[in-house]
Amino acid sequence: MARQLRSVGLEFADNAPLRLVFSAQLSASPEALYAALADDVAGWPDWFTAVTAARPVDDGAGREIRLKGGTVFTETVLAREPHSRYAYRVEQTNAPGLRALLEEWRISPTAHGARVRWTFAADGPAPLRLALRLGRPGLGRAFRDAVRNLDRRLARSPGI
């Protein structure tokens with residue numbers, strides 16, 4: 001059963017009760033990385049293995065994401081800053097305990113590609129926040145695997 005989460009703004013990425021931040025270097029350009037994140041939403045399952053289905057909704061103003069295990073997120077895109085930032089807030093989910101969730105992808109150019117920083121900002125009761133903190137290594141591994149897969153995919157098909 002989907003539950004409505006609290007509406008938060010972009011500042012939540014900086015002041016959420018729980019913030020998990022991960023970063024990685026990619027050989028892909030900031031332009032290619034941004035296009036894969038923001039413009040090719042349906043392609044997410046091809047590189048982010050936790051995602052089983054992804055589709056843009058409302059002419060790209062939102063997304064519907066399905067994860068392994070049956071979790072579903074209905075999201076609103078809050079920031080589409082070409083080649084530098086893509087952020088979205090979860091509006092509804094069947095995941096228990098969450099009160100608010102926002103994810104932000106920041107992209108910066110480097111001498112050999114791009115650096116990406118993913119912020120997972122959440123609010124929920126203390127036991128959920130503890131569980132997410134304890135799950136940080138797993139989320140970090142999922143992030144690293146995903147961006148490695150994405151970098152390989154972009155190297156094979158730079159026009160994605």
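- Not a single salt bridge (Lys or Arg N to Asp or Glu O under 4.0 Å) links Arg144 to another residue, sequence neighbours left out.
- In this structure a side-chain-to-backbone donor-acceptor pair under 3.5 Å is missing from Asp123 to Arg99.
- Every residue was checked against the ring-ring contact (aromatic ring centres under 6.0 Å, His included) condition with Phe12, not counting sequence neighbours, and none meets it.
- Applying the salt bridge (Lys or Arg N to Asp or Glu O under 4.0 Å) criterion to Glu91, with sequence neighbours excluded, gives Arg89.
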Check your understanding: Would Asn94 and Thr71 satisfy side chain to side chain contact (heavy atoms under 4.5 Å, CB included), going step by step from the backbone distance to the final call?
Key -> CA-CA 6 Å; Asn94 60 352; Thr71 301; 3.7 Å; yes
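- Of the possible donor and acceptor atoms, none in the side chain of Ser29 sits under 3.5 Å from a partner among the backbone N and O of Gly113.
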Practice item. Show your working on side chain to side chain contact (heavy atoms under 4.5 Å, CB included) between Ile107 and Tyr86 and close with a plain yes or no. Key: CA-CA 8 Å; Ile107 303 165; Tyr86 183 60; 6.0 Å; no
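- Nearest heavy-atom pair, Thr93 versus Ala95, reported as atom, atom and distance to 0.1 Å: OG1-N, 3.0 Å.
- Both Tyr34 and Leu150 sit in one connected hydrophobic cluster of ILVMFWY residues. Membership requires side-chain heavy atoms under 4.5 Å apart, directly or through other members.
- Residues Leu78 and Leu102 form a side-chain contact, since some pair of their non-hydrogen atoms from C-beta on lies under 4.5 Å apart.
- Pairing each heavy atom of Gly60 with each of Pro56, the nearest pair is CA-CB, 4.3 Å.
- Contacts of Asp46 classified as side chain to side chain donor-acceptor pair (under 3.5 Å), with partners at least two apart in sequence or in another chain: Arg153.
- Here the side chains of Leu37 and Trp118 are not in contact, with every heavy-atom distance at 4.5 Å or above.
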Practice item. Show your reasoning for whether side chain to side chain contact (heavy atoms under 4.5 Å, CB included) applies to Thr52 and Leu67. Key: CA-CA 5 Å; Thr52 61; Leu67 302 179; 5.8 Å; no
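- Every ring-ring contact (aromatic ring centres under 6.0 Å, His included) that Trp47 has, sequence neighbours left out, goes to Trp44.
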What pairs of donor and acceptor atoms, side-chain ones from residues 19-28 against any protein atom, are under 3.5 angstrom apart with sequence neighbours left out?
unit_1: Arg19; atom_1: NE; unit_2: Ala13; atom_2: O; d: 2.4
unit_1: Arg19; atom_1: NH2; unit_2: Ala13; atom_2: O; d: 3.3
unit_1: Ser23; atom_1: OG; unit_2: Arg115; atom_2: NH2; d: 3.4
unit_1: Gln25; atom_1: NE2; unit_2: Thr110; atom_2: OG1; d: 2.8
unit_1: Gln25; atom_1: NE2; unit_2: Ala114; atom_2: O; d: 3.2
unit_1: Ser27; atom_1: OG; unit_2: Asp151; atom_2: OD1; d: 3.2
unit_1: Ser27; atom_1: OG; unit_2: Asp151; atom_2: OD2; d: 3.1

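- Scored by the salt bridge (Lys or Arg N to Asp or Glu O under 4.0 Å) test, Arg80 finds Asp39 as partners (sequence neighbours excluded).
- For the side-chain contact (heavy atoms from CB on, under 4.5 Å) test, residues two or more places apart in sequence or in another chain that qualify with Ala87 are Leu10, Ala79, Glu104.
- Here the closest heavy-atom approach between residue Gly97 and residue Pro125 is recorded as O-CD, 3.1 Å.
- Both Val41 and Tyr88 are members of a single hydrophobic cluster when ILVMFWY side chains are connected at heavy-atom separations under 4.5 Å.
- Considering CG of Leu101 and CZ of Arg6, their distance stands at 11.0 Å, rounded to 0.5 Å.
- Val116 places a side-chain heavy atom less than 4.5 Å from the side chain of Phe143.
- Residue pairs meeting the salt bridge (charged side-chain N to carboxylate O under 4.0 Å, His left out) criterion with at least one member in residues 61-71, sequence neighbours excluded, are Arg55-Glu64, Arg63-Glu75, Glu64-Arg66.
- In this structure Thr74 satisfies the side-chain contact (heavy atoms from CB on, under 4.5 Å) test together with Gln92, sequence neighbours excluded.
- Here Leu132 pairs with Leu18, Phe120, Ala122, Leu128 under the side-chain contact (heavy atoms from CB on, under 4.5 Å) rule; sequence neighbours left out.
- With sequence neighbours excluded, no residue satisfies salt bridge (Lys or Arg N to Asp or Glu O under 4.0 Å) with Arg152.
- Between Trp105 and Val147 there is a side-chain heavy-atom pair separated by less than 4.5 Å.
- Within the 4.5 Å cutoff, the side chain of Asn149 has heavy atoms near those of the Thr49 side chain.
- Interatomic distance, Arg85 CZ to Ser108 OG, rounded to the nearest 0.5 Å: 13.5 Å.
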